[in-house]
Number of protein chains: 2
Amino acid sequence: MPPNPSAADAAPEMQATPAFSPLYQQIKGLILQSLQSGEWKPGEAIPSEMDLAARFRVSQGTVRKAIDELAAENLVMRRQGKGTFVATHAEQHVQYRFLKLVPDAGDLDSEGPAQRTVLECRRVRAPAEVARALALRTGDAVVQARRVLAFGGVPTIVEDLWLPGNAFKGLSAEQMADFQGPTYAMFELEFGIRMVRAQEKIRAVAADAQQAQLLKVAPGTPLLSVERVAYTYNDTPMELRRGLYRTDTHHYRNELS
Amino acid sequence: MPPNPSAADAAPEMQATPAFSPLYQQIKGLILQSLQSGEWKPGEAIPSEMDLAARFRVSQGTVRKAIDELAAENLVMRRQGKGTFVATHAEQHVQYRFLKLVPDAGDLDSEGPAQRTVLECRRVRAPAEVARALALRTGDAVVQARRVLAFGGVPTIVEDLWLPGNAFKGLSAEQMADFQGPTYAMFELEFGIRMVRAQEKIRAVAADAQQAQLLKVAPGTPLLSVERVAYTYNDTPMELRRGLYRTDTHHYRNELS
DNA sequence: GAGTGGTCTAGACCACGCG
DNA sequence: GCGTGGTCTAGACCACTCA
């Protein structure tokens, strides 16, 4: 094995660091490419560690360390005795991977799934702010959707979604309403787009008249504003979502370490 | 080496799982005990991997995996070429490890450190709710403190702290105001208590008259209510903190994956 | 019992920090 | 140049799953 053959070959420009990249990072990159290219679909098993080791001509330990990192980033899931599987938003034991709103009391899943009401879903031109978040140009086509989520019959979340028009051609309100399971699971199945990580900006705001009506609260009620940008592989932003959460019976839970 | 000697020895009671525990987990537990007992102080280096391997009579790789997990939990910090160091809230390049409020624009540290105003700091009897959060009994002694944090002269956070009276004997308002650096760093230095992880419950609330005055906003202004329980080793709760954040110029940032 | 991930070892060598 | 953590290997054995 050449000690460090690939890594930074292209442009020998200014770099204080020689850009040393461990073998296992390079392997991780190769596996990531395969994930990205769709060589293995969400929920499927990827080849065994031995197979991958043979394929890349490295030891099993090196593949193992690469997969360890992918598992830590939730891109892949290991199951002892069975194999390593491509992560998916469907059939994941946590129903909503990115939703951190939990009921104040009672079991996490005692509520069951949310009841969805899709109010709107149409193609529009991206406003400047949306375009910026999605790395598009102002005026590019985006799909905009608005919906209300209720838990146990109580409307709790109203949210607006913006999605790049190119990637989400043909997305309809019916599709959003009828699909069983997380919306991100539908994105995987119907559009082949996998959300892999997200970043949220949280604020407290007062409900305006329309929002208040949708959530059945008094206008001016404080609501949690959660602005989320979700990314696919390669740090490509693929969704902007702005949710308003009622926090009288639920709260946003966060673990710090 | 006996294959699995320690682990669950004490009570052979009902357990569907034979409670198999890998060697590296046991080593991790031993290192954790040493951290807990204060054998190594915050900021100090722990023994090298080779030394620990010799001490516990295992291979370096096993120690390494144990330390890997401790590092992942931010209990310990590795620095290549130098050693492995006990994590500390002082001199950590992120000034405030548990504070996720960031300015909407500008560098994260362009604001500099917060200006603290301690309004109150006294011993009281724990109300039921506080006692529950801190695993005390109602009426036990606790230290209660209230303070305002300002950034660039703008009051942005008002927060109440509750600390177990036993562990924080003698904590004074002056101490809280005068200490340079994060409050959690003071807890380490003055009381030998290290906060290791925390859990937050976030809600949107309306400012009452007093809160509004302290933050110089109109009464009724929506504020982020952040209720944090911070834990030392062993999942022992050692602080309850309730902060109210202005979110007109700042936001709570969260990364999901 | 075969196949998968998980643990453990022992040894070699590399990158980094510091004297 | 030495000691530290970091990488890589090769091989043995263990725990889990499923046919």
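Just so it is clear, the model here is predicted, and its values are computed rather than measured. The sequence lines fix the lettering, A, B, ..., with proteins before strands; numbering per chain opens at 1.
For A/Arg64, taking side-chain heavy atoms from C-beta onward, the closest of the listed nucleotides C/dG5, D/dC8, D/dT4 is C/dG5. Looking at the side chain of B/Glu49, the nearest of the listed nucleotides D/dT9, C/dG6, D/dG5 is D/dG5. For A/Leu23, the side-chain atoms get nearest to D/dC8 when compared with the rest of D/dT9, C/dC8, D/dC8.
In this structure, B/His251 has no ring-ring contact (aromatic ring centres under 6.0 Å, His included) partners at least two apart in sequence or on a different chain. Listed by chain and residue number, A/Arg55 satisfy the salt bridge (Lys or Arg N to Asp or Glu O under 4.0 Å) test with A/Glu39 (two or more places apart in sequence, or in another chain). Partners of A/Glu69 according to the salt bridge (Lys or Arg N to Asp or Glu O under 4.0 Å) rule, which considers only residues two or more places apart in sequence or in another chain, are A/Lys28. Considering only residues two or more places apart in sequence or on other chains, B/Asp104 meets the salt bridge (Lys or Arg N to Asp or Glu O under 4.0 Å) condition with A/Arg203. Not counting sequence neighbours, the partners of A/Phe168 by the ring-ring contact (aromatic ring centres under 6.0 Å, His included) test are A/Phe187, A/Phe191. With sequence neighbours left out, A/Tyr24 forms a ring-ring contact (aromatic ring centres under 6.0 Å, His included) with no residue at all. By the salt bridge (Lys or Arg N to Asp or Glu O under 4.0 Å) test, A/Glu159 pairs with A/Arg147, A/Arg241, sequence neighbours left out.
If you take CZ of A/Arg57 and P of D/dC8, they are 17 Å apart, rounded to a whole angstrom. B/Asp68 has its CG atom 14 Å from the C1' atom of C/dC8, to the nearest Å. If you measure from atom CZ of A/Phe56 to atom C1' of D/dC8, you get 16 Å, rounded to the nearest angstrom. For the pair B/Gln60 CD and D/dG3 C1', the interatomic distance rounds to 12 Å; values are reported in whole Å. Residue B/Tyr24 contributes atom OH, which lies 9 Å from atom P of C/dG6 at whole-angstrom precision. Here the C1' atom of nucleotide C/dC14 and the CD atom of A/Gln26 are 14 Å apart, to the nearest Å. One can place CG of A/Leu52 at 17 Å from C1' of D/dC8, the figure rounded to the nearest angstrom. Rounded to an integer number of Å, the gap from CD1 of B/Ile67 to C1' of D/dT4 is 11 Å.
Donor-acceptor pairing under 3.5 Å is recorded for the side chains of B/Arg194 and B/Tyr233. B/Gln199 and A/Asn254 share no donor-acceptor pair across their side chains, judged by distance under 3.5 Å alone.
One finds no side-chain N or O of A/Ser59 lying less than 4.0 angstrom from the OP1 or OP2 phosphate oxygen of D/dA10. In this model, the phosphate group of C/dC8 is not approached by any side-chain N or O of B/Lys65 to a distance below 4.0 Å at OP1 or OP2.
For the pair A/Val63 and B/Met50, both in contact range of DNA chain D, the more 5′-proximal nearest nucleotide belongs to B/Met50.
For DNA chain D, the neighbouring residues in residues 75-86 of chain B, judged by any heavy atom under 4.0 Å, are B/Arg78, B/Arg79, B/Gln80, B/Gly81, B/Lys82, B/Gly83, B/Thr84.
Note that the two end axes of the helix from C/dG1-D/dC18 to C/dC18-D/dG1 enclose an angle of 10°, each drawn from 5 base pairs, rounded to 10 degrees.
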